[in-house]
Participant: 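This structure is in structure tokens; I'll ask about it shortly.
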Amino acid sequence: MGRIPDVTPITKLLVANRGEIATRVFRTCKEMGIATVAVFSDADEEAPFVVAADEAVALGGNSATETYLDIQKIVSAATRTGATAIHPGYGFLAENAAFASACADAGIIFIGPSPETIAAMGSKIQAKKLMTTAGVPTLPTGGPNAADSIGYPLLVKASAGGGGRGMRIVSSPEQLQEAVEGAEREAESSFGDGTIFLEKYLPSARHIEVQILGDSHGNVVSLWERECSIQRRYQKIIEEAPSPAVGEELRYRLCEAAVAAAKVSGFIGAGTVEFLFNKGKFYFLEMNTRLQVEHPVTEMITDIDLVREQILIAEGLPLSPGLEDVEIDGHSIEARIYAEDPTQDYLPQTGKLIEWKIPDTVRVDTGVGRGSVVSPHYDPMLAKVIAWGPTRAEAIRTLATALKRSHIQGVTTNRDLLVNILGHESFLAGDTNTSFLTTNDPAELGAGTLTRQQVTNAAIAVALFAQVKRRSSARTLRDLPSGWRNSPSQHQLVQFDSTEGDLEVGYQFSRSGLHVTVNGTLVEEVKIIKTGKHGIVLRVNGIQTFYRCHNDDLTWYVGMSEGSTTFIEQPRFPSAVMAAPSGSLLAPMPGRVVAVKASAGDDVTAGQTLVVIEAMKMEHGVTAPRDGIVSSVGVVEGDQVDTGQVLATLEDA
């Protein structure tokens, strides 16, 4: 057979992105025999995705604006390396019409739809008007001055982006101005476009989306729906396919509407049509003209590599045979692991991953590994963990078990939150909506999966393992038992801060064996079965468990089959440290000051936002803990701050 006309084989592909999506695209490219190119910021120089590529180009700088959002730098990197195509991933420039045009001008294939389609769907107000002409239901929408006509509650949304960035819920007119200003700043930082719009908010709706594929020959197919209702800060954290709320008749109507949306927009490539589903009705939300973060769940139930299809479509080939007849096979669920603390309003976390190990019973799409540094410059997502099962219940159980048994240590993550959501009765029943983490306290759900007894036993394991580790490195003490003392009347004591409060572990070896106390109470039976480089096998009151232990100075990370926990070992001879001035408001993470909303001498009330910090592509307000008077402000807009830096001080009125 001869070649299909207008087909241009891709020989080398550059991914204009970072992290797990870059690694994911490289994997398919290598299977297809396509050479790969990575681009990277200074902060990402040693990241795994850079090593995964055949070639890599340094962009210079750290912020998204000077690296992954710089069109000229990206196109130049492709030209210099001879890349014939660019895959934008998601986020950054993935839905930027100017970027798609720049690729075309440089003679580089853009893996995605035309600039015209991106522009049409990128303007979400224009997209909704287009959907109305195609007969697809939409919600009331308008510009920044349309709040009264739309009605409260409403959403302020970024026109150019997604992923929850540049989005705010507004319940009353008094909240509108601050929400608009914050959304504009966040949208400009994340997408290079600060345009926002307003949309009617449905607090109890479900978020359901349909995967579509369209080629340059006029063919469009849907690959069924995904449920994405479990969200925090309007960003999805658990997705599944198919949706437990969708029956055959609704599935047909949703997919029919999605195909109509794709055709009316002239869509080519892999995209997603998103809907809100409420009280038996669905409404067009937006169309993402790119690959979605949650695309793996569709791949798992269809056995289709969506990145491969994207590449084939971009080469000019028609849709692969059989796509129009694909059936749903089983059930798949994805959980996104973020470096953040759900018990502290999802505060992003930075630091080094001391340990990174996830069971091979699940698929893991990630851009990090042991030793990776989580920086404050980008999105805090570390990985996507994806499970498949013949039934929804089996998929849930497989995913929850894998998350429990994962060893992710060095930074706080939302792992426990994910495990507890997967075990929640409403989730198990498929009865969820986008308000799940509003009606259910995320601090309570994210508080941990271990019982007090399990945490206590883990503290005993750490105390014994730490001493074995110290003595093995001390030549004169190597052959003495852990806890051996000249004076047999006293226990060796170790003090820990833990999720269960202060725990003091005492231990002593004697002729009769090992004696252990916790907070002064004798533990009936403790026996060391085995110690190794990365942990200890301990029998406590007849139950034998392997505790995987790693430390970073005095911080200890412990993992076991039922979950993990962290301990802070208190130094025996603590050094004096300088305390911050009384009434200080401290930076909760490294970041950039984007707004200062108070001046010295201002009267403020509890909960009032005084300083806004941008970190990991999200804004975080630092608020007054009580009523008072601002005595000083130590930062200005544009300052870079470190964790614990004094931003302002507050004194009583």
Participant: Do Phe267 and Val220 come within less than 4.5 Å of each other through their side chains, counting heavy atoms only?
Facilitator: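 When only atoms from C-beta onward are counted, Val220 and Phe267 do not touch, as no gap falls below 4.5 Å.
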Participant: Could you walk me through whether Phe49 and Asn17 pass the side chain to side chain contact (heavy atoms under 4.5 Å, CB included) check?
Facilitator: CA-CA 10 Å; Phe49 80 90; Asn17 218 295; over 6 Å; no
Participant: Tell me whether Arg392 forms a cation-pi arrangement with Phe427, defined as NZ or CZ under 6.0 Å from the six-membered ring centre and within 45 degrees of its axis.
Facilitator: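 Positive - Arg392 is close enough to the ring of Phe427 and near enough to its axis.
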Participant: Write down the atom of Phe275, the atom of Val273, and the distance for their closest heavy-atom approach.
Facilitator: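 Looking at all heavy atoms of both residues, the shortest contact is CZ-CG1, 3.5 Å.
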Participant: Only distances under 3.5 Å count here; give the side-chain donor-acceptor pairs of residues 397-407 to other protein atoms, sequence neighbours excluded, each with its distance to 0.1 Å.
Facilitator:
residue : atom : partner : partner atom : Å
Thr398  : OG1  : Glu394  : O            : 2.9
Thr401  : OG1  : Arg397  : O            : 2.8
Ser406  : OG   : Ala402  : O            : 2.7

Participant: Does Thr412 offer a backbone N or O that forms a donor-acceptor pair with the side chain of Asp341 under 3.5 Å?
Facilitator: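 Looks like no, no N/O pair under 3.5 Å.
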Participant: Is the shortest heavy-atom distance from the side chain of Arg232 to the side chain of Pro442 under 4.5 Å?
Facilitator: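 No. Closest side-chain heavy atoms not under 4.5 Å.
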Participant: Just how far is it from atom CD of Glu340 to atom OG1 of Thr350, taken to the nearest 0.5 Å?
Facilitator: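 Here the rounded value is 13.0 Å.
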Participant: Can any side-chain N or O of Asp215 pair as donor or acceptor with the backbone N or O of Leu312 at less than 3.5 Å?
Facilitator: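 The answer is no, because no donor-acceptor pair under 3.5 Å joins these two groups.
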Participant: Give a yes or no on whether the backbone of Val326 and the side-chain of Trp224 come within a donor-acceptor separation of less than 3.5 Å.
Facilitator: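 Yes; judged by distance alone, with no hydrogens or angles, the pair exists.
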Participant: State the CG-CG distance between Leu417 and Leu422, to the nearest 0.5 angstrom.
Facilitator: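 The CG atom of Leu417 sits 9.5 Å away from the CG atom of Leu422.
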Participant: Run Glu355 and Arg370 through salt bridge (Lys or Arg N to Asp or Glu O under 4.0 Å) and show every step you take.
Facilitator: CA-CA 5 Å; Glu355 178 72 346; Arg370 182 192 297 177; 2.9 Å; yes
Participant: Below 4.5 Å, heavy atoms only, C-beta onward: do Ser222 and Arg251 meet side chain to side chain?
Facilitator: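 They are not in side-chain contact.
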Participant: Which atom names give the shortest non-hydrogen contact between Phe197 and Ala158, and what distance separates them?
Facilitator: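 That closest heavy-atom pairing would be CE2-O, 3.9 Å.
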Participant: Not counting sequence neighbours, list each pair that qualifies as a side chain to side chain donor-acceptor pair (under 3.5 Å) and has a residue in residues 101-111.
Facilitator: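 For residues 101-111, and leaving out neighbouring residues, there are no side chain to side chain donor-acceptor pair (under 3.5 Å) pairs at all.
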Participant: Would you find a donor on one side and an acceptor on the other, under 3.5 Å apart, between the side chain of Glu188 and the backbone of Gly194?
Facilitator: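 The answer is yes, because a donor-acceptor pair under 3.5 Å joins these two groups.
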Participant: Is there side-chain contact between Pro348 and Pro376, with heavy atoms separated by less than 4.5 Å?
Facilitator: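 They are not in side-chain contact.
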Participant: So which atom in Leu223 and which in Thr302 form the shortest heavy-atom distance, rounded to 0.1 Å?
Facilitator: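 Of all heavy-atom pairs spanning Leu223 and Thr302, the closest is O-CG2, 4.5 Å.
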Participant: List the atom of Glu227, the atom of Ser243, and the distance in Å for their closest heavy-atom pair.
Facilitator: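 Closest approach of Glu227 to Ser243, heavy atoms only: OE1-OG, 2.6 Å.
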Participant: Between Gln231 (side chain only) and Thr434 (backbone N and O only), is there a donor and an acceptor less than 3.5 Å apart?
Facilitator: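 Not a single qualifying donor-acceptor pair exists.
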Participant: Taking atom types as modelled, find out whether Glu239 and Gln292 have a side-chain donor-acceptor pair closer than 3.5 angstrom.
Facilitator: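 Their side chains do not contain a donor-acceptor pair, so the 3.5 Å distance test is not met.
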Participant: Check whether any side-chain heavy atom of Glu186 lies under 4.5 Å from a side-chain heavy atom of Glu614, and answer yes or no.
Facilitator: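 No, too far: nothing below the 4.5 Å cut-off.
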Participant: Distance check, rounded to the nearest 0.5 Å: Glu66 atom CD versus Leu59 atom CG?
Facilitator: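 It is 9.5 Å, given to the nearest 0.5 Å.
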Participant: Answer whether the closest heavy-atom distance between the side chains of Thr566 and Thr555 falls below 4.5 Å.
Facilitator: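 Yes, their side chains come closer than 4.5 Å.
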Participant: Between Ile74 and Leu14, is there a side-chain heavy-atom distance shorter than 4.5 Å?
Facilitator: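 Yes, close enough: below the 4.5 Å cut-off.
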Participant: Would you list the pairs meeting side chain to side chain donor-acceptor pair (under 3.5 Å) in which at least one residue belongs to residues 25-40, sequence neighbours left out?
Facilitator: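 Residue pairs passing side chain to side chain donor-acceptor pair (under 3.5 Å), neighbours aside: Arg24-Thr28, Thr28-Asp305, Thr36-Asp54.
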Participant: Set out, in order, the CA-CA distance, both residues' side-chain angles and the distance that settles side chain to side chain contact (heavy atoms under 4.5 Å, CB included) for Glu299 and Leu306, then state yes or no.
Facilitator: CA-CA 7 Å; Glu299 294 183 325; Leu306 291 175; 3.6 Å; yes
Participant: Please identify which of these residues, Glu95, Arg290, Met287, Glu116, meets the side-chain contact (heavy atoms from CB on, under 4.5 Å) condition with Met121.
Facilitator: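 When Glu95, Arg290, Met287, Glu116 are each tested with Met121, the side-chain contact (heavy atoms from CB on, under 4.5 Å) holds only for Met287.
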Participant: Quick one: CD1 on Ile268 to CD on Gln310, what's the gap to the nearest 0.5 Å?
Facilitator: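 Nearest 0.5 Å value for the CD1-CD distance: 13.0 Å.
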Participant: Taking Gly316's backbone N and O only, do any of them form a donor-acceptor pair with His217's side chain (distance below 3.5 Å, no angle check)?
Facilitator: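 Present.
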Participant: Of all heavy-atom pairs between Asp42 and Asn62, which one has the smallest distance, and what is that distance?
Facilitator: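 It is CB-OD1, 3.4 Å.
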Participant: Determine whether more than 12 heavy atoms belonging to other residues, nucleotides or ligands lie under 6.0 Å from atom CD of Glu46.
Facilitator: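 12 or below, so no.
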Participant: Please identify which of these residues, Ile118, Leu93, Leu69, meets the side-chain contact (heavy atoms from CB on, under 4.5 Å) condition with Phe99.
Facilitator: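 Per the side-chain contact (heavy atoms from CB on, under 4.5 Å) rule, the option paired with Phe99 is Leu93, out of Ile118, Leu93, Leu69.
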Participant: Which distance, rounded to the nearest 0.5 Å, do you find between the CD1 of Ile212 and the OG1 of Thr272?
Facilitator: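 Reported to 0.5 Å precision, the distance equals 7.0 Å.
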Participant: Under the side-chain contact (heavy atoms from CB on, under 4.5 Å) test against Ile21, which residue among Asp365, Val293, Leu291 passes?
Facilitator: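 Checked Asp365, Val293, Leu291 against Ile21; only one passes side-chain contact (heavy atoms from CB on, under 4.5 Å): Leu291.
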Participant: Looking at Cys228 and Glu294, what are the two nearest heavy atoms and their distance?
Facilitator: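 The pair with the smallest heavy-atom distance is SG-OE2, 3.9 Å.
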Participant: Roughly how far apart are Met131 CE and Glu286 CD, rounded to 0.5 Å?
Facilitator: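 Reported value, rounded in 0.5 Å steps: 11.5 Å.
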Participant: Does NZ belonging to Lys357 count more than 12 external heavy atoms closer than 6.0 Å?
Facilitator: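 No.
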Participant: Quick one: does any side-chain atom of Asn96 pair with a main-chain N or O of Ala98 as donor and acceptor, under 3.5 Å?
Facilitator: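 Here the side-chain-to-backbone pair exists.
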Participant: Looking at Tyr68 versus Tyr378, is the centre-to-centre ring distance below 6.0 Å?
Facilitator: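 Between Tyr68 and Tyr378, the centre distance is under 6.0 Å.
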Participant: For a side chain to side chain contact (heavy atoms under 4.5 Å, CB included) check, start with the C-alpha distance between Asn219 and Leu323, then their side-chain angles and the critical distance, and finish with the verdict.
Facilitator: CA-CA 10 Å; Asn219 304 305; Leu323 285 179; over 6 Å; no
Participant: Without swapping roles, check the side chain of Gln349 against the backbone of Leu347 for a donor-acceptor pair under 3.5 Å.
Facilitator: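 Pair found, side chain donor or acceptor close to backbone of Leu347.
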Participant: Side chains of Asp552 and Lys352: does their closest heavy-atom pair fall under 4.5 Å?
Facilitator: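 The answer is no; the side chains never approach within 4.5 Å.
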Participant: Hey, mind stepping through Val136 and Val264 against side chain to side chain contact (heavy atoms under 4.5 Å, CB included) and telling me if it holds?
Facilitator: CA-CA 11 Å; Val136 180; Val264 76; over 6 Å; no
